[in-house]
*Asks:* 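Take a look at the following structure, please.
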Amino acid sequence: MKWVYIEDISDYKGQEVEIRGWVYNKRSSGKVRFLLIRDGTGILQGTIFSDEKDSLLFKRFDELTQESSIVVRGRVREDKRSPGGFELSIEDLEIIQIAEDYPITPKSHGVPFLMEHRHLWLRSQKQRAILQIRAELIRAIRDFFDNSGFRLMDTPILTPSACEGTTTLFETEYFDQKAYLSQSGQLYNEATAMAFGKVYCFGPTFRAEKSKTRKHLIEFWMVEPEVAFAALEDITELAEDTIVYIVKRILEKNKKELEVLERDIKPLEKVKKPFPRKKYDEILKMIQEKGSKMEWGDDFGSPDETLISEIFDTPVCITHFPAKIKAFYMEPDPERPDLVLGVDVQASEGYGELIGGGQRIHDLDLLEKRIKKHNLPREAFEWYLDLRKFGSVPHSGFGLGVERMLGWICKIKHIRESIPFPRLLYKIYP
Ligand code: 4AD
Ligand code: MG
């Protein structure tokens with residue numbers, strides 16, 4: 001008999017098939033037994049009809065517990081009343097293993113308990129919906145860049161220097177040297193951009209963030225495009241295009257999952273180009289008028305991000321930040337050298353920074369000065385300085401955090417649910 005997946009069940013109307021999965025739930029009603037089977041791609045209701053209460057099928061059914069692993073065989077019937085529109089008339093039921101005392105029951109559990117059981121929590125419907133959307137989101141990112149002339153360049157995870165400041169570095173040993181887990185592939189991307197024109201890297205990044213928030217992970221995934229000859233304006237437009245493309249794709253492909261999450265999709269439907277574009281100074285004034293205590297030279301905190309999303313109901317591009325709150329490589333604003341040509345995209349609905357990026361310094365002298373000013377070890381950056389010696393050009397790029405984007409699209413309360421096994425402050429189990 002043919003082994004099929006529940007997501008394809010509509011192709012097998014009237015046919016006999018085999019489903020391999022786990023017991024999601026079961027109930028009895030008179031002479032009928034109902035079995036909800038999940039196989040990772042969906043949930044299907046199986047029914048067992050029998051006149052004899054002690055038939056083999058009934059006996060096996062009685063043994064089943066939540067999450068027991070099974071193989072069922074039977075005929076696919078169309079049934080408008082059942083959730084997916086199809087049911088399976090079970091003719092054969094094979095038990096692979098009986099799960100005893102599965103810890104996550106249909107009653108609700110506290111988050112610490114669920115986090116300790118993350119390896120099992122993944123099986124629940126809401127977690128499944130989020131991670132299903134994650135898979136599509138990553139596919140959308142790849143399609144977007146692959147189809148618009150970007151070359152994928154994998155950048156190293158073990159690095160000899162910092163990219164985003166030294167306070168969040170993870171240090172490790174590299175034989176007789178010190179090494180750090182990558183905070184961003186950007187610096188290497190700048191080199192590959194000079195070799196290929198338009199590039200992107202996509203991989204895990206690491207930050208030893210000491211603060212506990214709903215928006216920060218210790219290990220997160222970031223896609224980072226980098227474009228030679230691009231200026232702030234060009235990269236801002238690319239940031240908008242990327243977000244618009246991803247949101248559109250999820251709305252097309254993940255209607256069912258968004259429904260499971262009870263996500264109101266109206267705010268997502270509003271994600272159209274162009275986003276409002278404001279300078280840091282303008283945003284600061286707007287949120288100060290709404291009561292923010294933030295002062296010039298501060299970075300936006302979470303309450304400020306909430307205020308921003310009360311003003312705009314779509315993502316917003318913020319540019320021209322104070323140099324002192326941004327990384328060493330940012331190109332100064334030619335009109336106001338205390339500002340840099342950075343761009344951040346803030347999500348709507350208070351979800352914070354989705355994208356951070358901007359134009360890079362391409363002048364050798366200036367870059368040398370900045371490296372010194374930030375107390376970075378020059379030796380580790382010789383190669384990076386070379387890029388300013390041999391055909392230096394203006395160039396720009398950004399980083400988009402997968403989990404931030406996913407958290408916003410799914411409107412989940414905490415970023416920990418946006419990755420299968422989140423790494424959080426002091427938490428590395430399971
Ligand atoms: O703004 P960030 O720090 O920018 C960079 O790393 C640049 N080097 C990227 C570049 O220009 N190539 O980080 C970029 C994005 C943020 O906007 C956010 O979406 C995400 O990465 N991010 C985090 N996501 C989850 N947890 C954290 N701790 C994050 N830190 C940054
Ligand atoms: Mg940032």
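Read the numbers this way: they start at 1 and go in the same order the structure lists the ligands and their atoms. Numbers for residues simply follow the sequence, beginning at 1.
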*Asks:* Say whether Phe206 and ligand 1 are in contact under the criterion: heavy-atom distance to a ligand atom below 4.0 Å.
*Replies:* no
*Asks:* Taking 4.0 angstrom as the limit, do Glu349 and Lys411 come out as a salt bridge?
*Replies:* yes
*Asks:* Is the positively charged end of Arg388 above the ring of Tyr384, judged by distance under 6.0 angstrom from the centroid and angle within 45° of the axis?
*Replies:* yes
*Asks:* Which atoms from ligand 1 have a heavy atom of Tyr329 less than 4.0 Å away?
*Replies:*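 Answer, ordered by atom number: 7 (C), 8 (N).
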*Asks:* Do the ring planes of Tyr5 and Trp3 sit parallel (below 30°), tilted (30 to 60°) or perpendicular (above 60°)?
*Replies:*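 Plane angle between 30° and 60°, so tilted.
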*Asks:* Does the ring of Phe34 carry Arg27 above it, NZ/CZ under 6.0 angstrom from centre and within 45° of its axis?
*Replies:* yes
*Asks:* Measuring centre to centre across the rings, with the benzene-like ring taken for any Trp, is Tyr174 within less than 6.0 Å of Tyr180?
*Replies:* no
*Asks:* For Met330, which part has a heavy atom under 4.0 Å from ligand 1: side chain, backbone, both, or neither?
*Replies:*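 Near ligand 1, Met330 shows nothing, with every heavy atom at 4.0 Å or more.
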*Asks:* Passes side-chain contact (heavy atoms from CB on, under 4.5 Å), Met330 versus Gln359? Steps please.
*Replies:* CA-CA 6 Å; Met330 291 234 181; Gln359 192 170 328; over 6 Å; no
*Asks:* Quick one: do Asp344 and Lys326 make a salt bridge, cutoff under 4.0 Å?
*Replies:*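 A salt bridge links Asp344 with Lys326.
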*Asks:* Measure from the side-chain N and O atoms of Gln183 to the backbone N and O of Gly165, and report whether any donor-acceptor pair falls under 3.5 Å.
*Replies:* yes
*Asks:* State yes or no: are the ring centers of Tyr200 and Phe145 separated by less than 6.0 Å?
*Replies:* yes
*Asks:* Please state whether Glu226 comes within less than 4.0 angstrom of ligand 1, counting heavy atoms only.
*Replies:*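 Outside the 4.0 Å threshold, so no.
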*Asks:* Can you tell me the protein heavy atom closest to atom 11 (O) of ligand 1 and the distance?
*Replies:* Arg360 NH2, 2.9 Å
*Asks:* So which heavy atom in the protein is nearest atom 22 (N) of ligand 1, and how far is it from that ligand atom?
*Replies:* Phe220 CE1, 3.4 Å
*Asks:* Can you tell me the protein heavy atom closest to atom 6 (O) of ligand 1 and the distance?
*Replies:* Arg207 NH2, 2.8 Å
*Asks:* Of the backbone atoms (N, CA, C, O) and the side-chain heavy atoms from C-beta on, which set of Glu403 has a member under 4.0 Å from an atom of ligand 1: side chain, backbone, both, or neither?
*Replies:* neither
*Asks:* Determine whether Glu226 and Thr192 satisfy the following criterion, side chain to side chain donor-acceptor pair (under 3.5 Å), listing intermediate values before the conclusion.
*Replies:* CA-CA 9 Å; Glu226 190 72 31; Thr192 56; over 6 Å; no
*Asks:* Checking a contact table here: which protein heavy atom is nearest atom 26 (N) of ligand 1, and how many Å away?
*Replies:* Leu217 N, 2.9 Å
*Asks:* What residue and heavy atom of the protein are closest to atom 7 (C) of ligand 1, and at what distance?
*Replies:*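 Looking only at protein heavy atoms, the one closest to atom 7 (C) of ligand 1 is Glu164 OE2, 3.3 Å.
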*Asks:* Run through the protein N/O/S atoms less than 2.8 Å from the Mg ion (ligand 2) and write them out by chain and number.
*Replies:* Glu353 OE2
*Asks:* Just checking Trp121 against Phe113, ring centres under 6.0 Å apart?
*Replies:*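 No, they do not, as the ring centres are separated by 6.0 Å or more.
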*Asks:* Under 4.0 angstrom from ligand 1, any heavy atom of Glu219?
*Replies:*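 Contact check Glu219 vs ligand 1: negative.
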*Asks:* May I ask you to identify, for Thr205, whether its side chain, its backbone, both or neither come under 4.0 Å of ligand 1 on a heavy-atom basis?
*Replies:* neither
*Asks:* What protein heavy atom sits nearest atom 14 (C) of ligand 1, and how far away is it?
*Replies:* Met222 SD, 3.4 Å
*Asks:* Would you say Glu209 contacts ligand 1, with heavy atoms under 4.0 Å as the rule?
*Replies:* yes
*Asks:* Which protein heavy atom lies closest to atom 19 (O) of ligand 1, and at what distance to 0.1 Å?
*Replies:*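 Going atom by atom, the protein heavy atom closest to atom 19 (O) of ligand 1 ends up being Leu354 O, 2.9 Å.
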*Asks:* May I ask you to identify the nearest protein heavy atom to atom 12 (N) of ligand 1, giving residue, atom name and distance to one decimal place in Å?
*Replies:*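 Atom 12 (N) of ligand 1 sits closest to the protein heavy atom Glu224 OE1, 2.7 Å.
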*Asks:* Apply salt bridge (Lys or Arg N to Asp or Glu O under 4.0 Å) to the pair Glu331 and Arg360, showing each step before the final yes or no.
*Replies:* CA-CA 5 Å; Glu331 175 77 5; Arg360 326 302 193 188; over 6 Å; no
*Asks:* Where does Glu353 meet ligand 1, judged by heavy-atom distances below 4.0 Å: at the side chain, the backbone, both, or neither?
*Replies:*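 Under 4.0 Å from ligand 1, Glu353 contributes backbone and side-chain atoms.
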*Asks:* Checking the N or O distance criterion of under 3.5 Å, is ligand 1 in contact with Gly358?
*Replies:*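 In fact, backbone or side chain, Gly358 has no N or O that close.
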*Asks:* May I ask you to check whether over 12 heavy atoms, not counting those of Ile428, lie within 6.0 Å of atom CD1?
*Replies:* no
*Asks:* Measure up the Trp296 and Tyr280 rings against each other and bin them: parallel (under 30°), tilted (30 to 60°), perpendicular (over 60°).
*Replies:* perpendicular
